[in-house]
Amino acid sequence: MPLSSLRGTDSPRLTGENDDHALALAESGALLPPVIVHRTTMRVIDGAHRVNAAKRRGETEIAAVFFDGTENDAFVLGVELNISHGLPLSLADRKAAAARIIFTHQHWSDRAVAAVTGLAHQTVGAVRRSTGDAAHLNDRVGRDGRSRPLDAAEGRKLAAEFLARNPGASLREIAKAAGISPGTASNVRARVLRGEDPLPRRRKSSTARTGSGRVRVVMPLREQGSTIRHLRSDPSFRSKEAARMLLRLVEGHATVEPEWRRIVEAVPPHLRPKVVELATSCLGAWQSLVDELNAADGKPAR
């Protein structure tokens, strides 16, 4: 297509094109891959440096592939493509892109935005909070395209209310109306039919207050030991190397936890900030595992 027909680019790069990179492409003599163009606006979605290089070579045409979609989706595609190849986007570029995608795709989960921008989902969550995202949607769409409620309890309540109005509804209808999985819908229906609360009671456990003042559920040490023994005795679990690695990590945590006080006393004051940072990083890693396990079961991330 003629270079003259292109109408610029909606680039995720905060500083614009890199002239040195475009010059290197122009002088390489290599055949330039097709650029991606938004058909409606004729803006370059991916390939601004290739367009620049073609102009430096004195060419008047360039190979192109058209994208049919909204301008917002075109920007998302541009970010995703720039993450996967070419001149890498900076961290600032990716955070700015995440903020824009959060605004235009408010129903997307943090993990879905993270997959497009190349950020950790925790970072996307921080960007979402910093932007003051106040959409307060009942659910968000994950990377697998499935919609999940942000609050599992709210989803169960909605399902129970829908059942009260539509006692003959199918599981698929209940799940769609409440934004929950068919499995959860089945559990809610069974509980309602038995005259039980749609919200299952939490198992008894102790609680601990974190430094931020939030309360987290803590499994008692005796119950931890029982669960570890159960995992160790299950052939379907211990037969996998990744599962055995998880078992070693959990066993190590269960062994160390009773020594927290002695460990705290052993850390010098000048090293405490670093240890806190390290422990927080480990906490985030474990939370990621929890989110992945919940997602595998169709449950919302916590």
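Since we're looking at a predicted model, the values are computed, not measured.
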Original post:
What do the steps show when you test Phe75 against Thr104 for side chain to side chain contact (heavy atoms under 4.5 Å, CB included), and what is the final call?
Top reply: CA-CA 10 Å; Phe75 178 78; Thr104 59; over 6 Å; no
Cluster link [X] to [Y], ILVMFWY, side chain under 4.5 Å:
| X | Y | value |
| --- | --- | --- |
| Leu119 | Val116 | yes |
| Val35 | Met1 | yes |
| Met42 | Val51 | yes |
| Leu91 | Leu87 | no |
| Leu158 | Val188 | no |

Nearest heavy-atom pair of [X] and [Y]: which atoms, and what distance?
| X | Y | value |
| --- | --- | --- |
| Ala96 | Leu14 | CB-CD2, 3.8 Å |
| Glu71 | Thr41 | CD-CG2, 3.8 Å |
| Ala54 | Ile62 | CB-CD1, 4.3 Å |
| Gly125 | Asp110 | CA-OD2, 3.4 Å |
| Ser4 | Arg7 | O-NH1, 3.1 Å |
| Ile174 | Ala185 | CG2-CB, 3.9 Å |

Original post:
Is there side-chain contact between Ile101 and Trp108, with at least one heavy-atom pair below 4.5 Å?
Top reply: yes
Original post:
Below 4.5 Å, heavy atoms only, C-beta onward: do Lys274 and Val267 meet side chain to side chain?
Top reply: no
How far does [atom1] of [X] sit from [atom2] of [Y], to the nearest 0.5 angstrom?
| X | Y | atom1 | atom2 | answer |
| --- | --- | --- | --- | --- |
| Arg191 | Asp197 | CZ | CG | 6.5 Å |
| Glu61 | Ser5 | CD | OG | 9.0 Å |
| Lys55 | Glu59 | NZ | CD | 12.0 Å |
| Arg189 | Leu171 | CZ | CG | 4.0 Å |
| Ile45 | Asn82 | CD1 | CG | 11.0 Å |
| Asn72 | Leu77 | CG | CG | 12.5 Å |

Original post:
Among pairs that include at least one residue of residues 31-46, which meet salt bridge (Lys or Arg N to Asp or Glu O under 4.0 Å), considering only residues two or more places apart or in two chains?
Top reply: Arg39-Asp68, Asp46-Arg50
Original post:
Can you list every pair that meets salt bridge (Lys or Arg N to Asp or Glu O under 4.0 Å) and has a residue in residues 90-105, with sequence neighbours left out?
Top reply: Asp10-Arg100
**OP:** Report, as yes or no, whether the 6.0 Å neighbourhood of atom CZ on Phe103 holds more than 12 heavy atoms from other residues, nucleotides or ligands.
**Re:** no
Subject >> Arg172, CZ: over 12 other non-hydrogen atoms inside 6.0 angstrom >> reply: no
Let me check something: any side-chain donor-acceptor pairs from residues 18-25 under 3.5 Å, sequence neighbours excluded? List them with distances.
unit_1, atom_1, unit_2, atom_2, d
Asn18, OD1, Asp20, N, 3.0
Asn18, OD1, His21, N, 2.9

Contacts of type side-chain hydrogen bond (donor to acceptor under 3.5 Å, both in side chains), residue [X], not counting sequence neighbours:
| X | result |
| --- | --- |
| His105 | Asp73 |
| His49 | none |
| Arg57 | none |

Original post:
So, the side chain of Ser11 versus the backbone of Gly16: is there a donor-acceptor pair under 3.5 Å, distance only?
Top reply: no
